[in-house]
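Atoms within each ligand, like the ligands themselves, are counted from 1 in listed order. What you see is a predicted model; the values in this text were computed from it and never measured.
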Amino acid sequence: MQELDKIWMNGELIDWADAKVHVGTHGLHYGSGVFEGIRAYETPRGSAVFRLTDHLQRLHNSARLLNMELGYTIDELRSACMDLIGSNGVPECYLRPIAFYGYGELGVAATGNPIDVVIMSWPWGTYLGAEGMEKGIRAKISSWTRIGPNVIPHVAKATGIYLNSMLAVMEANRAGYDEAILLTDEGYIADGSGENLFLVKDGTIYTPDLSASILPGITRDTIIQIAQDLGYTVVEKQLIRTDLYLADEVFMTGTAAEVTPLRDVDDQPIGPPGPVTLAVQKAYLDTVRGQSERWAHWLEYATTEPARAQA
Ligand code: PPE
């Protein structure tokens, strides 16, 4: 991770090296935290954060599901993100707000522990490699099952959930694949370790519906809207693994992964990135980089760069 100058922690911008917690922190012992992953892009009008308010709204929802009181409004967190981008001076970066039960009492019930709220930012290149973005990655169905809706609320982007993702992606990597695909207990396709999944069959786009224990991805929502605008039909439904094997195209979406094509699943060839994937990927990258008037309202410009914003 490339270290930048500042981290926003509990209301203040502090030096990167000083953003520390005690080893007795509740969130460290029990994974009791919620977080977000957000990207800021360099655009012709300066640094813009993609769907920042939507990400912060999801952070608030995640916190609610874990009975956490963040203590900062969405507006306050939005300003904090903008201040951080301005002070670090890196217009194109990944933002990682995280809130967790802090240092107080140990014991599983977190009631009474303080809540720490932190925002980090650092430059993060392509998640699954530049070559993966261009030529497609190789994925494997995981032997790990995606956590069910009555295990941990999957709608929450909660830190503890990511043990599920970590085991899956490490298993896939050890076996020589780039990414894992997790199925639900019933065998329906859920998501990747850090991405939602889409497939294309006979010109129609399919993606698992929200009941499949998936994170309600903001990129997923973006892609559904962009694809419909491009004239594609998008169907949200239960999908099974053989739908992937027989698909014409498969791609994954996420803030970090953006739109990454899959070139094979379980060694079943899907082929090089197809026309629908490429069209959607281009439209997405144009949108986040401020090249699209249609979706301009999704870009929240860092107010800390007034000189550039006027240009
Ligand atoms: N599913 C999972 C399990 C997931 O972690 C992500 C985001 C998504 C779907 C897509 O969500 P969205 O970013 O809102 O479109 N994964 C984040 C964290 C990746 C990491 O390694 O850390 C991300 O993409 O920022």
Problem - Euclidean distance, L52 CG relative to L95 CG, rounded to 0.5 Å - result: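 Answer for the CG-CG pair, L95 versus L52, is 7.5 Å.
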Sorted by chain and residue number, the ring pair (Phe, Tyr, Trp, His ring centres under 6.0 Å) partners of Y127 (sequence neighbours excluded) come out as W124
| query | Of all residues at least two apart in sequence or in a different chain, which pass the ring pair (Phe, Tyr, Trp, His ring centres under 6.0 Å) check with Y72? | reply |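 In terms of ring pair (Phe, Tyr, Trp, His ring centres under 6.0 Å), with neighbours along the sequence ignored, Y72 is linked to W8.
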**Request:** Let me know which of I181, V259, D178, N196 forms a side chain to side chain contact (heavy atoms under 4.5 Å, CB included) with M252.
**Result:**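 Single side chain to side chain contact (heavy atoms under 4.5 Å, CB included) partner of M252 among I181, V259, D178, N196: I181.
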The single option from I119, L84, I7 that satisfies side chain to side chain contact (heavy atoms under 4.5 Å, CB included) with L13 is L84
Anything under 3.5 Å between an N or O on ligand 1 and a protein N or O? List each pair with its distance, or write none.
unit_1	atom_1	unit_2	atom_2	d
ligand 1	1 (N)	D191	OD2	3.1
ligand 1	5 (O)	K157	NZ	3.4
ligand 1	5 (O)	Y162	OH	2.4
ligand 1	13 (O)	T255	N	2.9
ligand 1	13 (O)	T255	OG1	2.6
ligand 1	14 (O)	R58	NH1	2.8
ligand 1	14 (O)	R58	NH2	3.0
ligand 1	14 (O)	I218	N	2.8
ligand 1	15 (O)	I218	N	3.3
ligand 1	15 (O)	T219	N	2.8
ligand 1	15 (O)	T219	OG1	2.5
ligand 1	16 (N)	K157	NZ	3.3
ligand 1	16 (N)	G194	O	3.3
ligand 1	21 (O)	Y127	OH	2.5
ligand 1	22 (O)	R96	NH2	3.0
ligand 1	24 (O)	T255	N	3.3
ligand 1	24 (O)	A256	N	2.8
ligand 1	25 (O)	Y94	OH	2.5

Across all chains, not counting sequence neighbours, the salt bridge (charged side-chain N to carboxylate O under 4.0 Å, His left out) partners of D185 are none
